[in-house]
Amino acid sequence: MGSSSKEETASDGDTASGGASPSNDGRLFSEGERVLAYHGPRVYGAKVQKVELRKKEWKYFVHYLGWNKNWDEWVSADRLLKHTEENLVKQKALDKKQGVEKGTKSGRSAQTKTRSSADTKAEKDDTKNNAAKGKKRKNESGNEKDNVSAEKLLKIQIPATLKKQLIDDWENITQKDKVVKLPRSPNVDDILSKYLELRTKKDGMINDSVGEILKGIRCYFDKALPVMLLYKKERRQYQEAIVDDVSPSTVYGAEHLLRLFVKFPELFSYVNMEEETWTRMQQTLLDFLKFLQKNQSNFLLSSAYESDKVSDGKGKGKDD
């Protein structure tokens, strides 16, 4: 979520609750209520499943409609909006600002469409629609038995501590006017090499399939970084850092690599491969995420961020 995904938020004078009136006990939202929720730079359709008072503040456990329950999380009221026409317009405006085009399959952007069906059926409808699309693609491939799409098989469960890192990363860039100091050490190439070395020792041999998957991760990273892994405030820095034939994987580090894993299901949504290949890839990607989590204190540091000099020069509060 991202980056996958999780630039602009509900600041700019608006209250995230969308003008919600508190109940007698101070709650702005209730269990079972359909809402809109900020997750990174965008707003997604969601449903409040639980409400609890924690440390004198109401917290809401939300499920993002049409998304795996692994993304379910506790949020505060400033992350939520009432499900109103006015806020749906705001949601569409944010998606448009992030470059989301109508009719494209781009994760939660499908939630910008208002639906007339009852709230309780929204999630089921999404599931049915996705299943139908998956079947259609499989039929068109002309290889129903052997090839299947990632939509069915590639499920990447990002560990909770790494999800928090993604949110902290988003806050540092978009809220605190910071950027990741470049070049990063270790960079993406270093991290992939360290993982391959670890797997080679663990398996007692060089695993060709793991090596190929890691090469694929590096290739996807270099191609996807300028297109879908950067926040608006990071683009100037990218243009300065990546010149001539320099590969992004030799300059950027774990912060941006982690964003890629949020985007993988979207990137692979139309790829057809044998089920065994998908299974092997998923196992490697999940194992790699565990490797990142285990080395989080070395790869992902708060000290990796520095103030964005351009933003500082223009003055805080101005949009760059």
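By the side-chain hydrogen bond (donor to acceptor under 3.5 Å, both in side chains) test, Asn295 pairs with no residue at all, sequence neighbours left out. Residues meeting the side-chain hydrogen bond (donor to acceptor under 3.5 Å, both in side chains) test with Asp168, sequence neighbours left out: Lys164.
Inter-residue side-chain proximity for Gln282 and Thr279 is flagged as unmet; no heavy-atom pair is nearer than 4.5 Å. Between Tyr252 and Asp189, every side-chain heavy-atom pair lies at or beyond the 4.5 Å cut-off.
Contact check on Glu276 versus Arg280 returns a salt bridge, with a Lys/Arg side-chain nitrogen under 4.0 Å from an Asp/Glu carboxylate oxygen. A salt bridge links Glu52 to Arg54: at least one charged side-chain nitrogen sits closer than 4.0 Å to a carboxylate oxygen. The pair Glu85-Lys90 does not meet the salt-bridge criterion, since no charged nitrogen lies less than 4.0 angstrom from a carboxylate oxygen. Using a cutoff of 4.0 Å between basic side-chain nitrogens and carboxylate oxygens, Lys233 and Asp177 are scored as salt-bridged. Ion pairing between Arg259 and Glu234 holds under the 4.0 Å rule for side-chain N and carboxylate O.
In this pair, Trp74 and Phe61 present their aromatic rings tilted. The plane angle is within the 30 to 60° band. Taking the six-membered ring where tryptophan is involved, the planes of Trp67 and Tyr44 are tilted, since the angle between them lies from 30° to 60°.
Follow the hydrophobic side-chain contacts under 4.5 Å out from Leu166 and you reach Leu162 in the same cluster. Criterion: ILVMFWY side-chain heavy atoms under 4.5 Å apart, direct or through other members. Under it, Tyr220 and Leu289 are part of a common hydrophobic cluster.
Pairing each heavy atom of Glu33 with each of Lys82, the nearest pair is OE2-NZ, 2.6 Å.
Once rounded to the nearest 0.5 Å, the distance linking NZ of Lys202 with CG of Asp287 reads 5.0 Å.
At distances below 3.5 Å, not a single donor-acceptor pair connects side-chain atoms of Lys47 with backbone N or O atoms of Leu65. Proximity of a side-chain donor or acceptor of Gln237 to a complementary backbone N or O of Val180 within less than 3.5 Å is detected. For Asp190 (side chain) and Asn187 (main-chain N/O), a donor-acceptor pair under 3.5 Å exists by modelled atom type.
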- Does the pair Val188 and Val251 meet the rule for a side-chain contact (heavy atoms from CB on, under 4.5 Å), with working shown? CA-CA 8 Å; Val188 171; Val251 178; over 6 Å; no
- Message: What verdict does the ring pair (Phe, Tyr, Trp, His ring centres under 6.0 Å) test give for Phe291 and Phe299, after you've listed the backbone C-alpha separation in whole Å, the side-chain angles of each residue and the deciding distance to 0.1 Å?
- Response: CA-CA 10 Å; Phe291 169 73; Phe299 295 162; 5.7 Å; yes
